[in-house]
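Because only heavy atoms are used, hydrogens play no part in the values below, and waters and symmetry mates are left out as well, while side chains stay in. Every number for a ligand or one of its atoms is a count from 1 in the order of the listing.
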Amino acid sequence: MEAAYDVDEIRRDFPILSTKVNGKPLVYLDSAATSQKPIQVIDAISNYYRTYNSNIHRGMYDISIKATEEYERSKELAAKFLNAGSYRSIVYTKNVTDSINLVALSWGEANIKEGDTILVTAMEHHSNIVPWQLLAKRKKARLEYVGLKDGMFVDMEDLKEKLGRGPKLFAFTHVSNVLGTINPAKEMTEMAHKAGATVLVDGAQAAPHMKVDVRDIGCEFYGLSSHKMLGPAGIGVLYGKEELLEAMEPVTGGGDMIRSVSFDESTWNELPWKFEAGTPNVEGGIGFGAAIEYLNRVGMSRITENDLRLIKYALKRLGEDSSIQVYGPGLEHADRKIGAIPFNINHVHPHDVATIFNSEGVAIRAGHHCAMPLVTKLIGEPAVSRMSFYLYNKEEEVDRAVDAIEKVKKVLRVMSQ
Ligand code: 7TS
């Protein structure tokens with residue numbers, strides 16, 4: 001039988017979780033912004049710098065060979081983690097933002113023409129809006145948005161109708177960073193394919209919390225950021241179907257991405273190196289590999305279970321207070337939600353909430369969460385507070401957040417209704 005999920009054992013791997021803020025043990029509820037890092041990741045990076053720091057793909061000596069092997073091994077791990085089939089489909093980028101921009105600049109430049117439509121949803125992060133706005137402007141194409149149902153789910157009727165108008169590309173988030181809504185990625189991809197659209201999925205908030213199988217989803221492109229899933233910042237993945245990546249032009253030229261260079265022209269290296277010009281983020285790749293190994297060891301299904309349990313517990317606790325407004329899927333839809341809970345306290349600005357939380361040692365994010373259209377137009381608030389959870393969080397921390405809400409209300413004299 002599988003051992004019980006031991007959150008205290010997991011927490012011991014995260015040195016930052018035993019630090020204090022304002023004299024109180026840190027409660028970190030901002031993993032949707034970036035996750036904390038286990039000692040295994042910190043050590044992997046430190047060990048690289050201490051014992052085999054060198055450039056990759058060029059050294060004929062032991063430590064460079066080892067650095068190359070470890071960096072490439074992380075690609076194998078990433079390919080397996082996503083069930084990508086081959087490391088050739090795994091392009092390393094800076095982050096998911098960079099992954100989406102790469103698709104816009106390469107695939108988009110070649111395939112989007114004047115008058116074409118690019119379709120996204122109304123719950124996208126700016127990273128999955130702005131690159132398409134830029135592309136649409138360059139190409140005189142149109143950017144359209146699929147609306148939301150009940151302010152929390154992609155409206156599948158609207159999606160069907162807008163796909164019916166024949167967009168060239170449909171780009172959507174797998175999990176919303178504000179609402180925590182899990183989108184049915186496979187179903188949405190199938191619908192888009194039937195309509196002839198190419199599909200890009202933003203996996204920034206899904207990959208940390210649930211098993212992702214890119215070949216089962218069937219999308220052409222899938223992006224993620226290492227720093228949201230225990231790994232270091234500065235490295236992300238663009239998964240692409242090999243035949244598409246093969247056909248795409250590189251957008252950055254330089255060393256390592258070429259096969260040969262003459263004074264007049266160059267030919268490209270094979271996948272995935274064709275898209276990775278210059279010395280890459282070697283320690284980033286190595287640290288990301290250690291993060292994937294950590295996630296595999298705990299088990300993605302157990303992480304999903306833990307994160308869902310916390311969401312349910314937090315929704316229940318927040319639901320006990322009538323002065324708190326929770327947005328997005330509630331308890332009745334908790335199985336379609338993971339990671340994040342946006343909320344507001346009546347008449348209190350989220351920045352005041354986050355500041356008082358901080359005085360209690362509780363880290364949350366407040367603002368528009370880089371999803372301004374969703375927050376300001378659909379939720380209809382200038383800003384919201386957000387708690388987000390990960391594998392190292394526990395119920396007592398939700399209780400500390402609820403205590404912090406009481407403190408906010410006391411300090412600012414908010415009455416329950
Ligand atoms: N897409 C989604 C769904 C995200 O949640 C984020 C970051 C990004 C893209 C961009 O990620 P990056 O690593 O390229 O910056 N989301 C958040 C957040 O919710 N709070 O801070 C960053």
Side-chain angles (χ1 to χ4, degrees), residues 28-37 78 91-105 120-134 145-146 148 152 154 170-183 185 188 199-210 212 217 219 221-239 281 284 287-288 291 307 311 327-328 337-343 350-351 354 357 363-376 378-379 383-390:
Y28 187 72
L29 299 182
D30 197 20
S31 293
T34 197
S35 76
Q36 296 302 343
K37 321 299 174 200
V91 176
Y92 276 167
T93 58
K94 291 203 293 269
N95 44 42
V96 68
T97 302
D98 197 32
S99 303
I100 297 169
N101 277 281
L102 172 50
V103 175
L105 289 168
V120 299
T121 81
M123 63 163 79
E124 300 309 314
H125 186 278
H126 297 163
S127 300
N128 204 20
I129 297 177
V130 184
W132 309 123
Q133 287 177 338
L134 291 169
Y145 295 84
V146 181
L148 303 190
M152 56 182 101
V154 169
F170 177 37
F172 65 92
T173 191
H174 198 168
V175 169
S176 159
N177 67 314
V178 177
L179 305 168
T181 309
I182 304 172
N183 285 321
M188 288 162 73
V199 175
L200 176 142
V201 182
D202 172 354
Q205 299 292 345
H209 295 286
M210 51 204 257
V212 171
I217 293 170
C219 54
F221 301 107
Y222 195 96
L224 58 82
S225 287
S226 146
H227 72 92
K228 292 191 197 285
M229 43 194 294
L230 310 185
I235 189 145
V237 168
L238 171 65
Y239 157 81
N281 183 352
F288 182 42
D307 297 356
I311 284 275
Y327 309 98
K337 179 178 178 85
I338 200 142
I341 301 183
F343 68 98
H351 288 167
F357 267 55
I364 59 164
R365 185 170 171 197
H368 53 62
H369 307 279
C370 298
M372 277 176 92
L374 170 64
V375 172
T376 59
L378 298 180
I379 292 180
V384 293
S385 301
R386 179 188 68 185
M387 299 178 192
S388 55
F389 307 103
Y390 206 8

- Query: With atoms numbered from 1 as shown, which atoms in ligand 1 lie under 4.0 angstrom from a non-hydrogen atom of Ser225?
  - Reply: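 Answer, ordered by atom number: 11 (O), 12 (P), 13 (O), 14 (O).
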*asked:* Side chain, backbone, both or neither: which applies to Lys94 and ligand 1 if a contact is any heavy-atom pair less than 4.0 Å apart?
replied: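 Under 4.0 Å from ligand 1, Lys94 contributes no heavy atoms.
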So which heavy atom in the protein is nearest [atom], and how far is it from that ligand atom?
| atom | answer |
| --- | --- |
| atom 7 (C) of ligand 1 | Lys228 NZ, 2.8 Å |
| atom 21 (O) of ligand 1 | Arg365 NH1, 2.8 Å |
| atom 1 (N) of ligand 1 | Asp202 OD2, 2.5 Å |
| atom 5 (O) of ligand 1 | Gln205 NE2, 2.6 Å |
| atom 14 (O) of ligand 1 | Thr97 OG1, 2.5 Å |
| atom 6 (C) of ligand 1 | His125 CD2, 3.3 Å |

Worksheet item: Hey, does Asn177 come in under 3.5 Å of ligand 1, counting only N/O atoms on both sides?
Response: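 Between Asn177 and ligand 1, an N or O pair is found under 3.5 Å apart.
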Item to check | Least distance between heavy atoms, Gly328 atom then Leu179 atom | outcome: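 Looking at all heavy atoms of both residues, the closest pair is CA-CD2, 3.8 Å.
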Review point. Between Tyr222 and Leu224, is there a donor-acceptor pair closer than 3.5 Å when you use the side chain of the first and the backbone of the second?
Key: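 No; judged by distance alone, with no hydrogens or angles, the pair does not exist.
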| query | So, Ser388 side chain and Gly339 main chain: donor-acceptor pair closer than 3.5 Å or not? | reply |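 No; zero donor-acceptor contacts below 3.5 Å.
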Against ligand 1, does [X] come closer than 4.0 Å with any heavy atom?
| X | value |
| --- | --- |
| Cys370 | no |
| His126 | no |
| Val96 | yes |

Open item on the list: Can you classify the ring geometry of Phe343 versus Phe357 as parallel (below 30°), tilted (30 to 60°) or perpendicular (above 60°)?
Closed with: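 Rings of Phe343 and Phe357: tilted, as their planes differ by 30° to 60°.
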Fill in: Audit row: His209, Tyr390, ring-ring contact (aromatic ring centres under 6.0 Å, His included) steps and yes/no
CA-CA 7 Å; His209 295 286; Tyr390 206 8; 5.0 Å; yes
